[in-house]
Amino acid sequence: MRIRASRGLLLALAVATAGSLLPAAFAGGVTERVEPGTVARVEVVVEVPESGAAAAVEPKLTLRAPRQLFLRPRMPGETRRPSLDIEVSARLEDLDTAENLEDYYCLEEVWDWDDDTESVYEPDCDPYEEGSEIETFFFGSHRFSLPGTYRVWLRLQRSGETVIAGNVVVRIRN
């Protein structure tokens with residue numbers, strides 16, 4: 001889409017808006033000298049994204065976990081440090097916007113618990129066929145024994161390549 005306007009109109013807009021609506025190139029970037037009483041024409045090119053490009057939505061992975069948990073303190077005489085089991089759930093959303101549903105079929109789950117441990121689940125699935133059921137809910141659990149802030153990641157992979165990933169922060173306090 002092209003908009004044509006006289007230089008005077010653009011300068012008037014730049015002065016009126018003090019540059020708040022127009023880029024700096026329009027507000028102060030005019031270098032030609034125009035004699036009073038003449039009309040100069042300026043072509044302004046505005047790129048407008050196609051209607052589909054601006055509205056494109058990709059599938060997303062949303063994780064949920066308790067935000068803050070409390071670890072029981074070690075009692076006198078205990079030889080082992082207390083631990084805490086947490087459960088994290090994940091949901092694959094907006095799957096109907098995927099270009100190729102087969103990309104999301106039978107994915108390997110890799111849970112990174114941010115304490116130098118990972119959990120891996122490799123499903124055993126039949127080959128993909130049109131209308132095959134795609135898993136959209138995922139669950140993982142892990143035992144933490146130290147307080148801290150952990151960023152738990154879930155990567156859904158196919159053949160070692162990540163298809164989609166998401167994370168959630170879990171805080172464990174004493």
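When a residue number appears, it is its place in the shown sequence, counting from 1.
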*Does CD in Glu87 sit with more than 12 non-hydrogen atoms of other residues, nucleotides or ligands closer than 6.0 Å?*
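Count not over threshold, so no.
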*Within 6.0 angstrom of Glu133 CD, more than 12 heavy atoms from elsewhere*: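 Not more than 12 within 6.0 Å, no.
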*State which residues pass side-chain contact (heavy atoms from CB on, under 4.5 Å) with Asn100; sequence neighbours excluded, sorted by chain then number.*
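Scan of Asn100 (side-chain contact (heavy atoms from CB on, under 4.5 Å), adjacent residues dropped) gives Glu102, Asp103.
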Share the residues that join [X] in a hydrophobic cluster, the rule being Ile, Leu, Val, Met, Phe, Trp or Tyr side chains under 4.5 Å apart at the heavy-atom level.
X      : value
Val110 : Val120
Val169 : none
Phe139 : Phe137

Residues forming a salt bridge (charged side-chain N to carboxylate O under 4.0 Å, His left out) with [X], sequence neighbours excluded:
X      : value
Glu78  : Arg72
Glu135 : none
Arg171 : none
Asp85  : Arg143

[X] side, atom [atom1]; [Y] side, atom [atom2] - distance, nearest 0.5 Å:
X      : Y      : atom1 : atom2 : answer
Leu95  : Leu61  : CG    : CG    : 11.0 Å
Ile172 : Leu146 : CD1   : CG    : 9.0 Å
Thr136 : Asp94  : OG1   : CG    : 11.5 Å
Arg155 : Glu161 : CZ    : CD    : 11.5 Å
Asp114 : Asn167 : CG    : CG    : 9.5 Å

*Summary of ring pair (Phe, Tyr, Trp, His ring centres under 6.0 Å) pairs that have at least one residue in residues 150-174, sequence neighbours excluded*: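 Listed once each, the pairs are Phe144-Tyr150.
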*Over all atoms of both residues, closest heavy-atom pair of Tyr104 and Ala98*: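 Closest heavy-atom pair between Tyr104 and Ala98: CE1-CB, 3.6 Å.
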*Sequence neighbours excluded, which residues qualify as side chain to side chain donor-acceptor pair (under 3.5 Å) partners of Asp112?*
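By the side chain to side chain donor-acceptor pair (under 3.5 Å) rule, Asp112 matches no residue at all.
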*Which residues satisfy the side chain to side chain donor-acceptor pair (under 3.5 Å) test with Thr97, sequence neighbours excluded?*
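Once residues adjacent in sequence are excluded, Thr97 has no partner under the side chain to side chain donor-acceptor pair (under 3.5 Å) criterion.
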*Mind checking whether Tyr121 and Ile164 sit in one hydrophobic cluster, side chains of I, L, V, M, F, W, Y counted as touching below 4.5 Å?*
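Cluster IDs for Tyr121 and Ile164 differ.
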*ring-ring contact (aromatic ring centres under 6.0 Å, His included) involving Tyr128 - partner list, sequence neighbours excluded*: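 Applying ring-ring contact (aromatic ring centres under 6.0 Å, His included) to Tyr128 gives Tyr105.
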